[in-house]
Structure formats: C-alpha cells, structure tokens
2 protein chains.
Amino acid sequence: MLIMRSVPEDLTAPARIRDAAIALFGAQGYDGTSVRAIAAAAGVSPALVLHHFGSKEGLREACDSWIIDEVMGRKEGLTTEHDLASTMQEWLADTERFRPSLDYLARTIVDGGETGARLFAHLVDRTESMLASQTEAGIVRPSSDPRMTAAIVATHGLVPLVLERVLARSLGDTGLSSALIARMTLPTLELYTHGLYADSTVLDAATAALKGTPSEGAP
Amino acid sequence: MLIMRSVPEDLTAPARIRDAAIALFGAQGYDGTSVRAIAAAAGVSPALVLHHFGSKEGLREACDSWIIDEVMGRKEGLTTEHDLASTMQEWLADTERFRPSLDYLARTIVDGGETGARLFAHLVDRTESMLASQTEAGIVRPSSDPRMTAAIVATHGLVPLVLERVLARSLGDTGLSSALIARMTLPTLELYTHGLYADSTVLDAATAALKGTPSEGAP
DNA sequence: GTCTATATAATGATAGAC
DNA sequence: GTCTATCATTATATAGAC
C-alpha cells in the first residue's frame, strides 16, 4: 500500500523525515511502519534516517517531542473558552493540515506509553481548569468529583479521533468526514445540556447505593 | 517481558493456542506479538501454531471469530435493561475472567478493520434499540438523531477500555482498578442525568447557527 | 498431532565511499 | 550530509521425521 504525502521539497531533510514518520506512524502504527518506508516517503535513503535520528526509536522520540510542542506549546488550540470537544472538531475540520498529527496523537495516547500518558494528563489538566472557570461563571454545573469529570470529558473529546474509522462506518460513512462531524454536534450538545436520562432516578439510586456501602462497611 | 498466563492444561492444544493468542494480542498488539511467543505461552512449538491455524493471520481470524461469539452470542451481557457503560463496568469488575478478551476487543475496535467495524456497529445497534425502548418507557430523553446518539453513547461506554492506561495514570493510578471504576460511576451518571452545562445557552446557540446556515446557504 | 530443523524474506542498524 | 552495500537478527512459514 502506497501512502502519497505531499512533502514540500524546500524543507530540510530531517524535517521531511520527521513529517513522513508522523504521517506513516499515524496511519499504520509504529510497528507497522519500516524505516525503509519512511525513507521512501521522505525521498531519502534508509541510512540517512538512522544517521539523523540514531535509531527508529530515536525517530519516534523526535516525533513525540514535535507533537508535544504542537499540542502543548501553541497559544491557539485549547483555551479556557473552548472545551476539548469543540477544539477537536475545529482541528478535524481543517483536515488536510492537522490530520497526520492528529492520527499520530491518537495512536500515541492509545498506546499508553510515557508520552501518551503525559499528553493525556495535560489535556485533563486543561479541561479541569476550563471546567472550573466555567463553573465559577455559572456556565457549567458543579461536579461531585471535578478531576474525574474532567477526565471523562477529555476522553469524550478524544473519542471521535480514536474510534474514527469504526465510528464512521457504523454511521454509513467511510471516514470521519466534516459532514459527520457536523452531525455529531447537536446530539453531543443535547447530551451535555439535558443529559441522557429523563429524570434523576438512576443517579439517585446509585447515590443511595454508594452511600449505603461506602466500601463494603455499614455506616 | 514475560506475560504469565494461567492456561489450563486440560484444554485442547488449539484452544490453548487461541487463548494465549488473545491474551498476547490484547496485551501487546498483533504486530508486537510473535508466533514464537504465542507458542511458548501455550506450551507448544511454533510449528504447531501454524499447523493448526495455517498462518498468523489465520490465527487472528480464529481469535476474531471467538471474540465475536463472546460479544454477540451471549444472552448475558447487553440487554435492553443495562446500557453499555454499566455492562462495561460489570465486565471490567470481573477482571481476571474477562480482561484478556476485553483488551483484545478494544484493540480490534481501535484498529478499525473489518472485524472491529462489525463489532462496533453491533454495539451501536444494541445501544440504539436499548435507548429506543427506554425512551418509550420515559426513562431516556428523546434525541434529535437517535442513531448518532447511540453511536456517541457506545463510544462513551468503550472509553474506559480503550483509554484504560492513560485514563488511570491521569488520575494518579497505574491501572484501571475497580476502585477507579467505582469512582467513575457517579460523575458519569451526573453527566448523563443533568448534563454538563447549567442551562441551554450553548445548545440554543448551536441550534440557531445550524438552522441559520444549513450548509453555507442563506435561508 | 507434535516435534526439530531449515528455508526465505524483511527488518533495524553499520561501514565506508563520496 | 548523503549515498550504496552489507551485516546480523528476527520474523513467518515449510519440510519431513516420529
């Protein structure tokens, strides 16, 4: 399978290699991508890849650093005014530009390694402070466990990215098109505005059950 | 890294190989697992693995079929009374028994291949009919797009499984312990009962915006 | 059915010329 | 900096004995 990627020729070789690696790692995974394939996509020899980055693992670390800067360093992106889900949607909308990085990001987080854990924890931190300020402003409801709520909201924002392929196919589409993203907006906001349940029966029952048995001990 | 797995000796060799493969594929991924490792875990020679399943890919397909039966075939599991999230929590609670299959399931769905797409579509189908019957019963609020809502709820149910490692670490834990799962219950139900937003400002704005510009055209 | 031994291909990495 | 040529390792898969 050939992956065509428009690598600008005016970039320096290490930059072209890094871009090609991010695109291929994101599309096929780390194990599923060979140094040879990266070299071919970047228009260089396999030896040059290892000359510049020491090893395949070294190249991965360079890609990780690049992604960390892209996600954490930018002023744009996550602000306290936009929640993660809508930011995600903006990113997904600008497909051509961000897709390779986003696919790489998704794989890194799902892989569960050190970099993925750091990135996700950072997203949760941002979400938590965003929710805190919006709660203070009366926009967001207070939570019984703000950190956990932030983690849950963060995962919800990442889900369209992580489950992109199967999600699209379950809705009769082939990829996560911008039309599909638009279609997700309203149901997501409905859920985040009114909840899923019609009343608080389930929540009340769970609350009572949890208070009745704090940790298998009687009060 | 050694993965200890208690494979009962009384199983037939193909069954032991299949179980070992599911555990290793789930833990390390398909590419990250060699036929040798599977053979060692099952206590047989590498050649026997290929003798019984033809190829590594054939073994994967056998594992896929097994998982499909486990997820789709059971009477237990998903019913119209339990939503996906709570079913997920029950499964995660019975760690020792279901973990290998669940990890394999998560990887299969994230991979986005044919099997993963089928499995996820099936989960969405089940969620959709569950939501429909519960909406009719007045338990669940009606949605403007039931299929999409079902897809969203299904992804939310899979999140603890798919993002297990990073989710746990962002909350100061190392793995998705039962304590962490318990801690997720209340915030999740709060979100599903009252929503995240304090009022319908955001939803109203989005609804107006979407109606105002159906697809970049003026009304 | 199960094994040992081996074939064959691909991979990450190195050496050394230019 | 960049290449060609090559090494050493590992992978899947096969052949054939028992």
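So that the names make sense, note that chain A is the first sequence line, chain B the second, and so on, each numbered from 1.
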Problem set entry | Residue list, side-chain hydrogen bond (donor to acceptor under 3.5 Å, both in side chains) with B:Ser65, at least two apart or on another chain | none
For this session: Just jot down the side-chain hydrogen bond (donor to acceptor under 3.5 Å, both in side chains) partners of A:Asp145, sequence neighbours excluded, or say none.
Result: B:Arg183
side-chain contact (heavy atoms from CB on, under 4.5 Å) with [X]: which residues, sequence neighbours excluded?
{"X": "B:Ala121", "answer": "A:Ser170"}
{"X": "A:Leu50", "answer": "A:Val35"}
{"X": "A:Ala62", "answer": "A:Phe53"}
{"X": "A:Arg118", "answer": "A:Ile68, A:Glu114"}

Seminar exercise, completed: Sorted by chain and number, sequence neighbours left out, salt bridge (charged side-chain N to carboxylate O under 4.0 Å, His left out) with B:Arg18 holds for none
Exercise. Partners of B:Asp125 by salt bridge (charged side-chain N to carboxylate O under 4.0 Å, His left out), sequence neighbours excluded?
Worked result: B:Arg147
Exercise. Going 5' to 3' on DNA chain C, which nucleotide is the first and which the last to come under 4.0 Å of a heavy atom in chain B?
Worked result: C:dG1 to C:dT4
For this session: Scan residues 46-58 of chain A against DNA chain D and write down, sorted by residue number, each residue with any heavy atom closer than 4.0 Å; if none is found, say none.
Result: A:Ala47, A:Leu48, A:His51, A:His52
For this session: May I have all residue pairs that pass side-chain hydrogen bond (donor to acceptor under 3.5 Å, both in side chains) and include part of residues 30-52 of chain A, sequence neighbours excluded?
Result: A:Tyr30-A:Glu57
Exercise. Between B:Ser144 and A:Glu190, do the side chains contain an N or O donor and an N or O acceptor separated by less than 3.5 Å?
Worked result: yes
For this session: Mind calculating the distance between CG (A:Asp31) and P (D:dA11) to the nearest angstrom?
Result: 11 Å
Exercise. Dot-bracket for DNA chain C: what is it, with Watson-Crick or G-U pairs under 3.5 Å, [ ] where a pair crosses earlier ones, and | for a pair to another strand?
Worked result: |||||||.||||||||||
For this session: Determine the contact category for A:Ser45: base if any of its heavy atoms lies under 4.0 Å from a base atom, sugar-phosphate if only primed atoms, P, OP1 or OP2 are that close, otherwise nothing.
Result: base
